[in-house]
*Asks:* 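Got a structure for you, written out below as structure tokens; questions coming shortly.
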Amino acid sequence: MNCLDCGATGVVGICTDCGAAVCRDHVVVAEVHLTRIAPINRQVTVEPAARQLRCTTCNAAYLAATA
């Protein structure tokens with residue numbers, strides 16, 4: 001499997017948003033805070049945060065959408 005951005009063969013993961021293979025130079029490791037429903041119907045954040053891998057394109061889109 002090759003990195004979609006540069007074609008390198010050293011793929012370290014798959015983007016969780018688009019499914020593209022990413023190498024060490026093009027991977028962005030992000031944190032995702034999961035929640036669970038506690039009694040009396042309230043959301044509680046689960047610790048520690050989960051790890052999420054994104055390609056640089058999806059990370060730029062995510063940052064633009066949350067700005």
Side-chain angles (χ1 to χ4, degrees):
M1 195 178 315
N2 297 339
C3 177
L4 186 64
D5 288 333
C6 68
T9 57
V11 173
V12 295
I14 304 295
C15 176
T16 56
D17 292 333
C18 70
V22 288
C23 68
R24 191 172 298 275
D25 294 334
H26 294 108
V27 68
V28 177
V29 180
E31 288 186 343
V32 177
H33 296 280
L34 304 175
T35 59
R36 65 180 178 85
I37 302 298
I40 311 176
N41 217 13
R42 63 184 174 97
Q43 287 190 346
V44 177
T45 303
V46 177
E47 291 294 333
R51 188 178 314 156
Q52 182 180 40
L53 301 179
R54 288 192 199 114
C55 67
T56 53
T57 304
C58 288
N59 191 59
Y62 175 79
L63 294 175
T66 59

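Every heavy atom of this structure was used, including side-chain atoms; hydrogens, water molecules and symmetry mates were not.
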*Asks:* Which heavy-atom pair separates Val11 from Ala21 by the least distance, and what is that distance?
*Replies:* CG1-CB, 3.8 Å

*Asks:* Return the set of residues passing side chain to side chain contact (heavy atoms under 4.5 Å, CB included) with Ile37 (not counting sequence neighbours), or none when no residue passes.
*Replies:* Asn41, Gln43

*Asks:* Identify the two heavy atoms, one from His26 and one from Val22, that lie closest to each other, and give their separation to 0.1 Å.
*Replies:* O-CG1, 4.0 Å

*Asks:* Scan for salt bridge (charged side-chain N to carboxylate O under 4.0 Å, His left out) pairs involving residues 18-46, sequence neighbours excluded, and state none if there are none.
*Replies:* none

*Asks:* Linking Ile, Leu, Val, Met, Phe, Trp and Tyr by side-chain heavy atoms under 4.5 Å, what else ends up with Val44?
*Replies:* none

*Asks:* Could you pull out every donor-acceptor pair under 3.5 Å between side chains of residues 52-67 and any protein atom, sequence neighbours left out?
*Replies:*
residue	atom	partner	partner atom	Å
Gln52	OE1	Arg54	NH2	3.0
Gln52	NE2	Thr16	OG1	2.9
Arg54	NH1	Asn59	OD1	3.1
Thr56	OG1	Asp5	OD2	3.4
Thr66	OG1	Tyr62	O	3.0
Thr66	OG1	Leu63	O	3.3

*Asks:* Do you know which two heavy atoms are closest between Leu34 and Ala50, and how far apart they sit?
*Replies:* CD1-CB, 4.0 Å

*Asks:* What heavy-atom pair brings Cys23 and Cys3 nearest, and what distance separates the two atoms?
*Replies:* N-SG, 3.5 Å

*Asks:* Can you list, by chain and residue number, the hydrophobic cluster partners of Leu4 when the side-chain cut-off is 4.5 Å?
*Replies:* none

*Asks:* I need the full list of salt bridge (charged side-chain N to carboxylate O under 4.0 Å, His left out) pairs touching residues 55-67, with sequence neighbours left out, sorted by first then second residue.
*Replies:* none

